[in-house]
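Read through the structure below, which is laid out as structure tokens, and then see the notes.
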Amino acid sequence: RSSFFLRPHTLLYKRLTRRDKKAGFMQKNSIKDKMSKIESIFDNTHLGKLTINVSTEEWNRLLANCRDESLRDEYVKVDVEWNNKCGTYSLPEIGMRVRGNSTYAAPEVDLSHNSKNPIYRRSHLKLSFNEFHKCKVEKVITGVNLKSTRQDNSCLQEVYTYDLFHRFGVWNVPHASFVKIYMKIGDDKEIYWGLYKAIEEINKDFLKSRRDYISKDGYLWKCKGATLKIENVEKNVLPGYELKTNKKQYGIAKSQLLTFISELNSVTDEDFPTWIAEITDMELLLKTIAVEIVCCRWDDGNNFYLYFTPEGKLYYIPHDVDYTLYRPAEWNGNPLDWKYNSAPFPLFKRILDVPQYKKQLSNYLCMLVAEENNLATKNASALRINQWYDIIGSCIYTGKASLFHQYPKNWNELSFFQKIICKYQAQIHDFKRILHGKGYTEQHFRILGNKNNFFDLQKETILEYCTD
């Protein structure tokens, strides 16, 4: 009797199979719907608008938190209205804090709010929708990172880089778009705060929306200044590694991370190709590295996440990809000798030391600069960049300039835009200003010049070193 009911041709078996298949189909559709909504929320062809309403009391608490390092991760209550391509969302009593590392700065110069003569800073911000109560936008987003464009003369380095990742099939990175931010503090008049980048937060919801590829129940580590070198293992997990999910299982997660770092640095050259292929998706990782190289993302050893699935698979997730699209002076120009010749990053170094992976990476780099693929060539990039400037150009300068701190103060020889947007003077030589007569000034990279532009130089060196 039991064997009869297990035969594939029986009605019971067929009903169970149809039910199971339907459940699986519905789950896959649900995941696709979630990703579709995320792509719409962070559609970089749409300029969003975000209005933040904060009481004077909460604003002063935010300023106090900024000046006490132990309180920097504390949120204050704000009301937000967010308009994006999916619609307009009213989000009452959500959390807001200042974010950043070397770029961290309080959003107002004074110790408490000066309503008569305020001097503001366009600080990086973080919104947490469920900090004080359960709240999700479209049931998929529980927070968003808001990054000022003040350090980026072009205003779009990071958006360009994330966009290229996705165009090249790299799904393990956030989505990013542009948003205008307005701020209302207490009874003050609402003011235009500036052009920002809205970036998908890397958290458990980020993992859930990618369940087609990975399990959501693993261990997500945020890595800041984490070198993945063996000496870090001796003192266990240094502050450079911060566990973001399943914190109750910290001991298991730490042991897994330490084992990975130890083996990364100790597996023999002969065994390394097999070892790394078993613990990660090599095609995805090599594609990720290829985009980082073609965009000259020189910050690759500093800002990234590592995600370990319960099954032990590893995923490298880059984030804060704002230092891109210019060639560092210390780089020797060889895309297959990227970065690690002066500052070894063991994960990339060991992969590039394997001939078969080096060849595969070379192929991906050539694909990125092939004209027919419309990815990282000058013409394809110029088309996207100009389209973005048509969207964001009119709001780059808008706003009452006297309200914002022109920092650093000693850059008297620079334009107002450069003082507000760009922190590092060394970056300025990598950009070229072009007047378009559209009523505003656009900041174009030197990448779009007729001579020695970034994309043509990248293509030239990639074809030189990566083709037989």
Side-chain angles (χ1 to χ4, degrees), residues 39 42-47 149 152-171 173 175-178 195 197 286-298 318 321-328 331 333-336 338 360-394 396 427-438 440-468:
E39 290 171 353
F42 295 100
D43 187 335
N44 60 34
T45 66
H46 177 86
L47 177 61
T149 56
D152 177 2
N153 259 14
S154 71
C155 299
L156 49 73
Q157 286 168 287
E158 195 157 20
V159 172
Y160 175 94
T161 305
Y162 280 133
D163 181 77
L164 185 62
F165 274 122
H166 288 287
R167 287 175 184 270
F168 200 48
V170 179
W171 51 262
V173 297
H175 290 82
S177 61
F178 299 103
L195 178 68
K197 297 162 288 185
L286 288 170
K287 280 190 169 184
T288 306
I289 297 172
V291 174
E292 292 204 337
I293 290 173
V294 84
C295 290
C296 278
R297 193 215 168 196
W298 60 266
V321 295
D322 42 2
Y323 292 139
T324 55
L325 304 186
Y326 69 97
R327 295 159 65 95
W331 183 35
N334 181 356
L336 298 177
W338 174 243
Q360 193 174 350
L361 178 63
S362 297
N363 292 338
Y364 287 145
L365 288 168
C366 289
M367 288 171 64
L368 283 164
V369 299
E371 292 290 339
E372 63 271 18
N373 292 332
N374 293 319
L375 291 169
T377 59
K378 176 190 169 184
N379 291 334
S381 299
L383 180 63
R384 297 197 294 273
I385 287 170
N386 284 320
Q387 288 173 341
W388 285 326
Y389 277 129
D390 286 339
I391 297 169
I392 69 174
S394 60
I396 291 176
Q427 285 181 294
I428 291 172
H429 75 276
D430 288 301
F431 302 101
K432 183 179 180 181
R433 214 160 113 180
I434 301 175
L435 297 176
H436 278 263
K438 296 181 181 178
Y440 58 87
T441 302
E442 297 178 351
Q443 296 290 327
H444 272 56
F445 292 114
R446 272 179 62 185
I447 55 177
L448 299 184
N450 292 325
K451 197 174 181 181
N452 293 329
N453 67 80
F454 173 83
F455 289 118
D456 282 346
L457 286 173
Q458 286 294 86
K459 180 179 179 179
E460 179 182 332
T461 54
I462 285 170
L463 294 179
E464 177 184 355
Y465 287 97
C466 299
T467 55
D468 296 330

Roughly how far, to the nearest 0.5 Å, is the [atom2] atom of [Y] from the [atom1] atom of [X]?
X	Y	atom1	atom2	answer
Ile289	Leu286	CD1	CG	5.5 Å
Asp322	Arg297	CG	CZ	8.5 Å
Glu292	Thr288	CD	OG1	7.0 Å
Asn374	Arg384	CG	CZ	8.0 Å
Leu156	Leu325	CG	CG	8.0 Å
Ile385	Lys378	CD1	NZ	11.0 Å

Review point. Would a 4.5 Å heavy-atom cut-off, applied to side chains only, mark Leu47 and Leu195 as touching?
Key: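 Contact flag for Leu47/Leu195 side chains = yes.
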Which atom names give the shortest non-hydrogen contact between [X] and [Y], and what distance separates them?
X	Y	answer
Phe168	Ala290	CE2-CB, 4.5 Å
Asn44	Ile391	O-CD1, 4.1 Å
Phe454	Tyr326	CE1-N, 3.5 Å
Val159	Ser177	CG2-O, 4.3 Å
Cys155	Thr149	O-CG2, 3.8 Å

Check your understanding: Hey, do the aromatic rings of Phe178 and Tyr162 have their centres closer than 6.0 Å?
Key -> no
Looking at residues at least two apart in the chain, or sitting in another chain, which of them share a side-chain hydrogen bond (donor to acceptor under 3.5 Å, both in side chains) with [X]?
X	result
Gln458	Arg327
Gln360	Tyr364
Thr161	Thr324
Asp43	Thr45, Lys85

For the side chain of [X] and the backbone of [Y], is there at least one donor-acceptor N/O pair under 3.5 Å apart?
X	Y	result
Asn386	Ala382	yes
Thr461	Asn334	no
Glu158	Val321	yes

Point to revise | Test side chain to side chain contact (heavy atoms under 4.5 Å, CB included) applied to Leu368 and Asn363, Val294, Ile462, Ile293, the passing residue | key: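 The single option meeting the side chain to side chain contact (heavy atoms under 4.5 Å, CB included) with Leu368 is Val294.
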Review point. Who are the side chain to side chain contact (heavy atoms under 4.5 Å, CB included) partners of Asn373, not counting sequence neighbours?
Key: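 Testing Asn373 for side chain to side chain contact (heavy atoms under 4.5 Å, CB included), a comparison that skips the adjacent residues, returns Met367, Ala370, Leu375.
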Study note, to complete from the structure: Taken in chain and number order and not counting sequence neighbours, the residues that satisfy ring-ring contact (aromatic ring centres under 6.0 Å, His included) with His166 are His175
**Study point:** Working for side chain to side chain contact (heavy atoms under 4.5 Å, CB included), residues Trp388 and Tyr160
**Key:** CA-CA 9 Å; Trp388 285 326; Tyr160 175 94; 3.8 Å; yes
Exercise for review: Just jot down the salt bridge (Lys or Arg N to Asp or Glu O under 4.0 Å) partners of Glu371, sequence neighbours excluded, or say none.
Suggested key: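 Salt bridge (Lys or Arg N to Asp or Glu O under 4.0 Å) list for Glu371, sorted by chain: Lys459.
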